[in-house]
Student: 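Here it is: the structure, laid out below.
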Amino acid sequence: MGCAVWGLGSSFRRFFTVLTGLILTLFLAMQAALAQGVADDSVKRGQPHRGGTLRVTMASPSETLDPQITYSSAYLQIFVSVYDGLLAYRRASSKEGLEIVPDIAEALPTVSPDGLTWRFRIHDHIFFSNGAALTTDDVVASMRRLFRVGSPTADSFYRNIMGAEKCLQHAAQCRLEGVTGDVKSRVVTFRLRQPDPEFAQKLAFSHAVILPRDVTGRDSGASPLPGTGPYHITKYDPSTGMRLERNPFFRPWSPLAQPDGYVDHIQIDFGLTDEAAVTAVERGQYDVMLGEKPQDRYSELGDRYARQIHLQPLLGYYYLVLNVREPPFTSIKVRQALNQAIDRRAVAILYGGEAVATPLCDLIPDGMRKRPSDCAARAHQRPDLAKARRVIRETPFAGAAVTLVVRNNAVDTNIGLYVRDLLEKLSFKASIRTLAPASLSSYIGNSDHHVAIALTTWYADYPSPSVFLYDLLGCENIHPGLDISTNASGYCEPVLERLMKQAMTTQDKAEAAQFWEEANVMAMRAAPLIPLIQPRYIDFTSARLGHYRYSLLNHLILSEVWVR
């Protein structure tokens with residue numbers, strides 16, 4: 001890490017000469033803190049630790065509070081303690097947190113031999129936070145509502161349900177004939193058009209939460225909706241924050257899926273920058289900040305607050321979206337040249353160093369593949385900028401104006417400045433535009449905004465290559481003029497589409513894995529997306545927060561921590 005990093009300007013090099021020298025210290029400190037945390041937990045286990053207020057800070061709100069619409073990772077992290085689905089991921093750390101367990105359903109589903117019929121029996125005596133009893137009618141209505149409100153996953157996750165095609169075409173009249181319920185027997189039946197080995201994972205995803213049947217079929221916006229979890233939202237102001245309190249009707253019917261919470265209240269405030277948020281947690285004004293931490297504070301945190309640092313794996317990555325319908329990225333030569341010119345090692349250092357980020361050269365992250373990527377080794381090879389520049393100058397786009405859109409936090413802005421400078425070196429007139437983190441995904445997905453290139457992140461909705469390759473490149477995930485397009489590149493290739501659908505429908509796991517590897521190679525060759533790094537997540541908590549629990553899919557489990 002002491003050698004020069006290709007593609008970084010002199011000011012960046014000076015900054016990272018200091019920064020990278022501190023990374024090893026931080027990494028070792030965090031490992032020591034993790035070990036001490038395990039020891040502390042063994043002493044505290046069995047004590048009540050119930051009560052108090054958990055104080056949370058985050059930069060900005062999502063554009064909607066509707067749990068079936070929002071794709072804000074922070075809101076999804078919050079909502080797992082507010083809402084429930086038929087199935088859930090176990091509230092546990094490490095790979096145990098990827099286990100699917102029954103939630104509102106009494107048990108895992110009974111599935112017919114042909115894989116087309118799924119039956120669930122739901123728990124009796126579950127109540128929403130408004131006091132209404134949950135029945136199969138609520139389950140059926142909630143599945144219909146996914147289509148009526150235009151949930152961003154209605155198409156990609158649930159279109160295989162019988163009747164979903166008609167719902168996608170005529171949302172307001174959606175009946176979704178493939179989901180039926182019997183109130184007396186408490187049985188809900190799903191009928192699929194074709195087998196879907198990932199259907200249980202999709203039902204465990206946050207958008208498939210169960211809401212009261214009388215909830216409107218419109219985006220709830222800033223209005224909280226009743227849930228069945230241990231907490232409910234009692235106050236919400238998108239300009240200031242939200243407050244969660246105990247759901248008076250909650251009982252832990254499925255502790256593996258939805259355990260009772262420790263704290264009595266969760267206060268979440270908006271508005272602090274990442275720098276200010278770190279300082280506020282240091283001073284004990286907040287217990288945790290949601291979102292990335294500024295890398296210029298890593299050494300300070302490692303030196304002074306090692307016991308409050310938690311370094312965790314992530315199933316996700318940073319990547320560039322190249323809109324194939326906007327010049328200059330209509331040209332495959334331009335896309336490929338940029339992909340080859342990117343110094344992924346430089347990006348990893350900009351994120352914070354090799355202890356917290358590794359170079360990534362594939363669209364399937366490590367942790368979801370049979371063998372680890374060799375990208376880290378390849379990243380030490382110097383990119384050939386001269387060759388990339390020659391390729392671009394042979395196209396009609398040399399000298400074109402390009403605006404890179406990034407989130408306005410410190411980490412993304414620094415990476416964005418590197419990419420902007422690289423675009424300049426490749427003969428473009430490049431500029432950068434910053435947006436609030438919660439707004440970026442919907443903004444770049446809407447084709448009306450004509451975003452040519454953006455720096456963004458994508459994390460697993462559930463542990464399958466499909467949530468990366470198909471969600472980001474599936475033809476069915478392009479919705480012109482709407483904010484719900486997850487395929488922001490606009491890339492639609494029939495051969496790739498068929499290959500991905502083969503991978504998603506085959507019952508043979510080995511065969512599916514091979515299909516996904518072939519799809520990855522094909523997509524990387526076309527380069528509508530450029531993977532950059534696979535980061536690790538850094539949680540920084542207050543000195544009074546205990547019983548830290550982390551989920552691979554939802555990060556810190558808010559209901560599981562306690563405060564002194």
Side-chain angles (χ1 to χ4, degrees), residues 33-58 67 73-85 87-104 129 204-206 209 227-233 242-247 250-268 281 286-291 307-315 459 537-564:
L34 181 62
Q36 182 62 48
V38 172
D40 288 348
D41 188 47
S42 66
V43 174
K44 296 171 183 172
R45 189 178 295 121
Q47 297 182 12
H49 291 283
R50 185 179 174 92
T53 299
L54 177 69
R55 303 161 305 184
V56 181
T57 177
M58 56 185 289
S73 61
Y75 275 31
L76 296 184
Q77 179 179 359
I78 295 165
F79 287 170
V80 295
S81 298
V82 177
Y83 302 101
D84 293 275
L87 303 174
Y89 288 96
R90 184 175 175 180
R91 299 290 189 266
S93 300
S94 190
K95 289 188 176 180
E96 287 186 344
L98 300 180
E99 177 188 352
I100 292 178
V101 295
D103 189 352
I104 285 175
S129 54
F205 181 62
S206 296
V209 296
T228 52
Y231 298 97
H232 66 133
I233 301 169
M242 73 174 88
R243 185 171 180 83
L244 281 65
E245 299 182 4
R246 287 192 182 277
N247 174 2
F250 175 79
R251 64 179 180 86
W253 62 83
S254 181
L256 291 180
Q258 191 65 283
D260 197 5
Y262 281 102
V263 299
D264 289 335
H265 314 279
I266 303 174
Q267 179 63 43
I268 302 166
V281 176
Y286 288 97
D287 298 305
V288 66
M289 64 172 289
L290 304 185
R307 288 171 58 86
Q308 296 163 227
I309 293 292
H310 311 269
L311 185 63
Q312 302 291 353
L314 279 174
L315 296 179
Y459 299 105
Y537 191 74
I538 299 174
D539 252 337
F540 176 46
T541 60
S542 72
R544 76 182 195 124
L545 185 144
H547 200 249
Y548 177 89
R549 290 293 181 272
Y550 177 88
S551 161
L552 283 171
L553 294 174
N554 295 307
H555 308 327
L556 173 66
I557 306 173
L558 298 178
S559 64
E560 285 290 274
V561 302
W562 57 54
V563 293
R564 300 179 182 88

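The structure presented is a predicted model; accordingly, all values stated were derived computationally and were not measured. Along the sequence shown, residues carry numbers from 1.
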Student: Compare every heavy atom of Asn247 with every heavy atom of Gly227, then report the nearest pair and how far apart it is.
Tutor: O-ND2, 3.8 Å
Student: Please check this pair: side chain of Gln258 against backbone of Pro230, looking for a donor-acceptor N/O pair closer than 3.5 Å.
Tutor: no
Student: Evaluate the side chain to side chain contact (heavy atoms under 4.5 Å, CB included) criterion for residues Phe205 and Leu553: first the C-alpha distance (whole Å), next the side-chain angles of each, then the deciding distance (0.1 Å), finally the verdict.
Tutor: CA-CA 10 Å; Phe205 181 62; Leu553 294 174; over 6 Å; no
Student: Check step by step if side chain to side chain contact (heavy atoms under 4.5 Å, CB included) holds for Tyr89 and Ile100.
Tutor: CA-CA 5 Å; Tyr89 288 96; Ile100 292 178; 3.7 Å; yes
Student: Yes or no on ring-ring contact (aromatic ring centres under 6.0 Å, His included) for His555 and Tyr537, after CA distance, side-chain angles and deciding distance?
Tutor: CA-CA 8 Å; His555 308 327; Tyr537 191 74; 4.6 Å; yes
Student: Would you check if the side chain of Asp84 reaches a backbone N or O of Gly229 as a donor-acceptor pair within less than 3.5 Å?
Tutor: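 Yes.
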Student: Go through the steps for Arg50 and Asp260 under the test side chain to side chain contact (heavy atoms under 4.5 Å, CB included), then give the verdict.
Tutor: CA-CA 10 Å; Arg50 185 179 174 92; Asp260 197 5; 2.9 Å; yes
Student: Distance check, rounded to the nearest 0.5 Å: Leu256 atom CG versus Arg90 atom CZ?
Tutor: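 One finds 5.0 Å between CG of Leu256 and CZ of Arg90.
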Student: Taking all atoms of both residues into account, what is the closest heavy-atom pair of Asp103 and Ala88, and its distance?
Tutor: OD2-CB, 3.7 Å
Student: Just checking His547 against Tyr262, ring centres under 6.0 Å apart?
Tutor: yes
Student: Specify the closest pair of heavy atoms between Thr228 and Trp253, including all atoms of both residues, with the distance to one decimal.
Tutor: O-CH2, 3.3 Å
Student: Evaluate the side chain to side chain contact (heavy atoms under 4.5 Å, CB included) criterion for residues Asn554 and Phe79: first the C-alpha distance (whole Å), next the side-chain angles of each, then the deciding distance (0.1 Å), finally the verdict.
Tutor: CA-CA 10 Å; Asn554 295 307; Phe79 287 170; over 6 Å; no
Student: About how many Å separate CG of Leu552 and NZ of Lys95, when rounded to the nearest 0.5 Å?
Tutor: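 Going from the NZ atom of Lys95 to the CG atom of Leu552 covers 9.0 Å.
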Student: Hey, could you give me the CD1/CE distance between Ile268 and Met58, rounded to the nearest 0.5 Å?
Tutor: 7.5 Å
Student: Return the minimal non-hydrogen interatomic distance between Pro102 and Ala257, and the atom names on each side.
Tutor: O-CB, 3.4 Å
Student: Can any side-chain N or O of Arg91 pair as donor or acceptor with the backbone N or O of Arg549 at less than 3.5 Å?
Tutor: no
Student: Under 3.5 Å, is there a donor on one side chain and an acceptor on the other for Asp287 and Ser542?
Tutor: yes
Student: Does some side-chain heavy atom of Arg243 sit less than 4.5 Å from a side-chain heavy atom of Thr53?
Tutor: yes
Student: If only atom types and distance count, is the side chain of Arg246 paired as donor or acceptor with the main-chain N or O of Val263 below 3.5 Å?
Tutor: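 Between the backbone of Val263 and the side chain of Arg246 there is a qualifying donor-acceptor contact (under 3.5 Å).
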Student: If only atom types and distance count, is the side chain of Ser81 paired as donor or acceptor with the main-chain N or O of Tyr231 below 3.5 Å?
Tutor: no
Student: Between Asp539 and Tyr550, is any side-chain donor less than 3.5 angstrom from a side-chain acceptor?
Tutor: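 Checked: Asp539/Tyr550 side chains show no N/O donor-acceptor pair below 3.5 Å.
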Student: Side chains of Leu311 and Ile538, heavy atoms from C-beta outward: is any pair under 4.5 Å?
Tutor: yes
Student: What's the separation between atom CG in Leu545 and atom CH2 in Trp562, rounded to the nearest 0.5 Å?
Tutor: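 One gets 10.0 Å once the value is rounded to the nearest 0.5 Å.
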Student: Within the side chain of Gln267, is there an N or O that forms a donor-acceptor pair under 3.5 Å with the backbone of Arg55?
Tutor: no
Student: Any non-hydrogen side-chain atom of Ile78 less than 4.5 Å from a side-chain atom of Leu558?
Tutor: yes
Student: Please report the closest heavy-atom contact between Leu290 and Ala74, naming both atoms and the distance.
Tutor: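 Taking every non-hydrogen atom into account, CD1-CB, 4.1 Å.
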Student: Check Pro259 against Glu560 and note the closest heavy-atom contact, atom names and distance.
Tutor: CG-OE2, 3.4 Å
